[in-house]
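Only one structure is covered here, and it is reproduced in the block below.
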Amino acid sequence: MARSTDLVSGAATVALGAAVLWAVSDFPVSAPVASDPALLPRLLGAGLIGCGALLVVVHLVRRRLGLVTADDVDSVPLDLPEEAEQAREAGRTAQAQAPAVDWGVVGGLSVAVTVYAVAAFQLGFIVSTFAFVSAASLILGRDRSRRSLLTLGIFAAAVATVAHLGFFELLSVRAPDTPLP
């Protein structure tokens, strides 16, 4: 008997998105985007509906084309080529030998996020965003050569500028009073 996990998951996701849109349907629609209290729930609801519909369509197309895998059908033996079986076994072996969690990186990123959350509204959004993007990239193992650091600086400046323009100019979010920009 065939299981329709993608079909059921897609339909449930569409239903969840519709429920979100129904729940915020009573919210007033505000003229400025930044003051619309239902903007994010509406966007999330529409995104859920879109993703759920995509899951349903992919499932129906796969079923129509006869593309069935072991995940879709119970107790159906698959005749895999020998190379595919070897690749599957190699994947299991590599998964079993996966490296342990690097707790130094996890701790470093946790500290960086905490400092950023405090500094963004005490020190300044642009400066702290630049510092956070730079620090997080270095914590994650970015190369520390001169060229790499220059590229990182340009990238971090671009991210900070785009985030500032997006939040404070495009969405008209009120910027906090901080000593630095």
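Heavy atoms only: backbone and side chains are in, while hydrogens, waters and symmetry mates are out.
Alongside Leu165, the hydrophobic cluster contains no other residue (criterion: ILVMFWY side chains under 4.5 Å).
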Report all side-chain donor-acceptor pairs from residues 20-28 shorter than 3.5 Å, counting only partners two or more places apart or in another chain.
residue	atom	partner	partner atom	Å
Ser25	OG	Trp22	O	2.7

Please tabulate, for side-chain N and O atoms in residues 100-115, each donor-acceptor pair with protein atoms closer than 3.5 Å (sequence neighbours left out).
residue	atom	partner	partner atom	Å
Asp102	OD1	Gly104	N	3.2
Ser110	OG	Val106	O	2.8
Thr114	OG1	Ser110	O	2.8

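Of all non-hydrogen atoms in Ala156 and Ser134, the two that sit nearest each other are CB-OG, 3.5 Å. A pairwise comparison of heavy atoms in Ala120 and Thr178 identifies O-CG2, 4.3 Å as the closest pair.
Applying the side chain to side chain donor-acceptor pair (under 3.5 Å) rule to Ser145 yields the partners Asp143; only residues at least two apart in sequence or on another chain are considered. Legend: residues meeting salt bridge (charged side-chain N to carboxylate O under 4.0 Å, His left out) with Arg142, ordered by chain and number and at least two apart, are absent. Thr129 is linked by a side chain to side chain donor-acceptor pair (under 3.5 Å) to Tyr116, counting only residues two or more places apart in sequence or in another chain.
Residue-environment remark: CZ (Phe168) exceeds the threshold of 12 foreign heavy atoms within 6.0 Å.
Using a 4.5 Å cut-off on side-chain heavy atoms (C-beta onward), Val133 and Phe155 make contact. Side-chain atoms of Leu138 and Leu149, non-hydrogen and from C-beta on, do get closer than 4.5 Å to each other.
Once rounded to the nearest 0.5 Å, the distance linking OG1 of Thr13 with CG of Leu54 reads 10.5 Å. Note that CG of Leu55 and OG of Ser9 are 6.5 Å apart. Values are rounded to the nearest 0.5 Å.
Although no hydrogens or angles enter the test, the distance criterion places no donor-acceptor pair under 3.5 Å between the side chain of Ser148 and the main chain of Arg144.
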